[in-house]
There are 2 protein chains.
Amino acid sequence: MATINDVCKLAGVSKATVSRVLNNTGQVKKSTADAVYHAMDTLGYKPNSLARALATNCTNTLGLVVSAFEGAYFSCLMRTASETSAGAGKQLLIMDGGHSAESEELAINSLVERKVDAIILYTRKMPAATLKPLMEKLPVPLIVINQMVDGFEERCICFDQYKAACQATEFLIAKAHRNIACISGPEDSVNSSLRLQGFKDSLATHQLDHCGIYHGDYYTESGYRACQALLNSGQSFSALFTANDNMAMGAIRALHEAGIKVPEEVSVMGFDNDPAGPFLIPSLSSVMLPVEAMAQAAVEQTLLLLKGEKISAIALFSGSLIVRESVDQPQKPS
Amino acid sequence: MATINDVCKLAGVSKATVSRVLNNTGQVKKSTADAVYHAMDTLGYKPNSLARALATNCTNTLGLVVSAFEGAYFSCLMRTASETSAGAGKQLLIMDGGHSAESEELAINSLVERKVDAIILYTRKMPAATLKPLMEKLPVPLIVINQMVDGFEERCICFDQYKAACQATEFLIAKAHRNIACISGPEDSVNSSLRLQGFKDSLATHQLDHCGIYHGDYYTESGYRACQALLNSGQSFSALFTANDNMAMGAIRALHEAGIKVPEEVSVMGFDNDPAGPFLIPSLSSVMLPVEAMAQAAVEQTLLLLKGEKISAIALFSGSLIVRESVDQPQKPS
DNA sequence: TTGTAGGCGTTATCAG
DNA sequence: CTGATAACGCCTACAA
């Protein structure tokens, strides 16, 4: 690999000059600049990013911590973040944050050691209390998706999970459902708790009680099992609210195997608006989260921060109800 | 951030010594080593990976190029590769190879500039002829998933797409289907061509002709549209072979909307064994690809290569048929 | 067993 | 406009 020194010699100038034309910094006579350019491409010279990073203390790399590589939700997050940062000349280093607050922190530290310029954390498990000191002490800026931290509002990108869950539940109630069960996410997940709370509060508003709450882990299989448990409990219900589309799919399968028709006998409401939703049979009603917009906002906010521009807090993102076949009115009023 | 110099001073030794205890290289008296360790953690010292990489010419980073962030297939690939390399102390830098040979090469070059130690390319579009010179000229080893390159067999991880497609088709034929249509992948995709060829050859072996071949892009929507086109063509068929599970889902939805029952009137065979398969209604028959094993093999082979150990070619991976509800015998023999 | 000094490839600060 | 020269933080002969 040709280095800057090789270019120097061939062009008959000093390293400083080569560096100048390389970075368009300072004045260089056109003729010498041309000589340098010429030397560069006869040698096929590419600047060594490591050396450059060492000298400038900037790697042009952003770190992203996700909770999983699985699922349309994170795929979209990763793709958008990757594209957005690539568009700004930054690489994206993606790490799995695993299933606990500890592993999320581990991923962050690993990114810090890799000298990324900033870290975007999609957190599922870190409470604001843990996050705050981290944001204060970390040698690089930390931008958080999915959790609001006092005093760092402009570094937090959040979705109004609670309101969205309310919307979905209200919709079921508006459809005249009175017996609604729920398959929620992990009990220690931030999102999941908010969605569950929205569900509960909406029911309470209408003086309704739930017909059972079961917890899954966001994977399809867990929705399937949870629904089986629900069915075995003997509780009767005409609608089911699930904390994501995958679990909804599992639940629908369990209902199908139990000979229960969706939506005729039981309506099912998903969450996340998985791209598979419209193609399922029945197609799945869900809540659309603007994942793309959020990912993009996160990266752009990060870039601004890095540029030293002053940034302001971003408004809570909100979802919208996507009505499809899986939700209908109950056949017989209960 | 504390540097090696700070550690020197606090421990009262030279940089060389600190470096030695840091890397367990050379002999160091226990007492001084202890002093160094002590200094290191009172300072919270972390070696600067950039400086180290610059000095050693080794970044402990592997590059992975995938064709998309979407879908269970690539999620699994990314996760497994990430975990396997992390287990060996290497970071994984993931890049999107996009939808053309050119963009795949772009991704590779970007990784080269990032000074990764080796690159694993999952290729969809690069023919062996393009790959070979690349493998010869690249300054870092290139390991390829999904394409065999003469003379570099030990750097290629392949799945027997052709045989798997044959198996799937044979299965449909064995189930007494005689009128089989196909929704294939992109025409310029390596995988896709092999799958399609397997399909055609299997039919030919049984003196059958296909009932239409349509091309999708591996996304659900395209399967849906392709199936609609197929239906509009007026061709009658009792079975449908699709090049992946997503498109199978789309096709099933299209059939459903046309009032055609799966599998009673039309059987559908998928490919990839997407984790959603067992939960669909009807559950989806498919071909399981050992993605995890392949990803692991790719990373391990890469690590061996990096260690300078001699490696030998890896046998073709093969799939296995997963029989579920979506395939049955045709109701009325045609 | 330990220290010195040079090098990895850039950038950046001075003079000139 | 251009050229020395000192960082950046670490590794590694070579000496001692």
- Would you mind reading off the distance between A:Leu22 atom CG and C:dT10 atom P, rounded to a whole angstrom? 8 Å

- Query: Do the side-chain N or O atoms of A:Arg52 get closer than 4.0 angstrom to the phosphate oxygens (OP1, OP2) of C:dT11?
  - Reply: yes

- Would the A:Phe69 and B:Phe74 ring centres measure less than 6.0 Å apart? no

- Could you check how far CD1 of A:Ile4 sits from P of D:dA4, rounded to whole Å? 14 Å

- So what does A:Lys115 hit on the nucleic acid, given a heavy-atom distance under 4.0 Å: a base, only sugar-phosphate, or nothing? nothing

- Item | Side chain B:Glu104, main chain B:Thr123, donor-acceptor under 3.5 Å | no

- Is any side-chain heavy atom of A:Leu93 less than 4.5 Å from a side-chain heavy atom of A:Leu64? no

- Task: Please round to the nearest 0.5 Å and tell me the distance separating atom CE of B:Met126 and atom CG of B:Asn146.
- Result: 12.5 Å

- Which nucleotide, D:dC10, C:dC8, D:dC14, lies nearest any side-chain atom of B:Leu54? C:dC8

- B:Met1 CE to D:dC10 C1': how many Å, rounded? 15 Å

- Query: Any side-chain N or O of B:Thr17 under 4.0 Å from OP1/OP2 of C:dG3?
  - Reply: yes

- Note on the structure: Judged by nearest nucleotide, the residue sitting upstream toward the 5' end of DNA chain C, A:Ala55 or B:Lys15, is B:Lys15

- Task: Using heavy atoms and a sub-4.0 Å distance, could you list which residues of residues 26-35 of chain B are near DNA chain D? By number, please.
- Result: none

- Item | Any B:Ser19 side-chain N or O less than 4.0 Å from OP1/OP2 of D:dC11 | yes

- Checking all strands, does A:Asn57 fall into the base, sugar-phosphate, or nothing category for heavy-atom contacts under 4.0 angstrom? nothing

- Below 4.0 Å: OP1/OP2 of C:dG9 and any side-chain N or O of A:Asn5: no

- Message: Are B:Ile4 and B:Tyr45 packed together at the side-chain level, in the sense that at least one heavy-atom pair is separated by less than 4.5 angstrom?
- Response: yes

- May I have the distance from B:Leu50 (atom CG) to D:dA7 (atom P), rounded to whole angstrom? 20 Å

- Query: Roughly, in whole Å, what's the span from OH in B:Tyr45 to P in D:dG9?
  - Reply: 10 Å

- Query: Reckon B:Val13 touches a base, only the sugar-phosphate, or nothing at all at heavy-atom distances under 4.0 Å?
  - Reply: sugar-phosphate

- Message: So if I take every side-chain heavy atom of B:Arg20 and compare against C:dT10, D:dA13, D:dC10, which nucleotide ends up nearest?
- Response: D:dA13

- Query: Would you call B:Lys125 and B:Asp188 a salt bridge, taking side-chain N to carboxylate O under 4.0 Å as the test?
  - Reply: yes

- CD of B:Glu113 versus P of C:dG9: gap in Å, rounded? 16 Å

- Considering just the side-chain nitrogens and oxygens of A:Thr3, establish if one lies under 4.0 Å of OP1 or OP2 belonging to C:dG9. no

- May I ask you to decide whether B:Asp117 forms a salt bridge with B:Lys90, counting only side-chain N to carboxylate O separations under 4.0 Å? yes

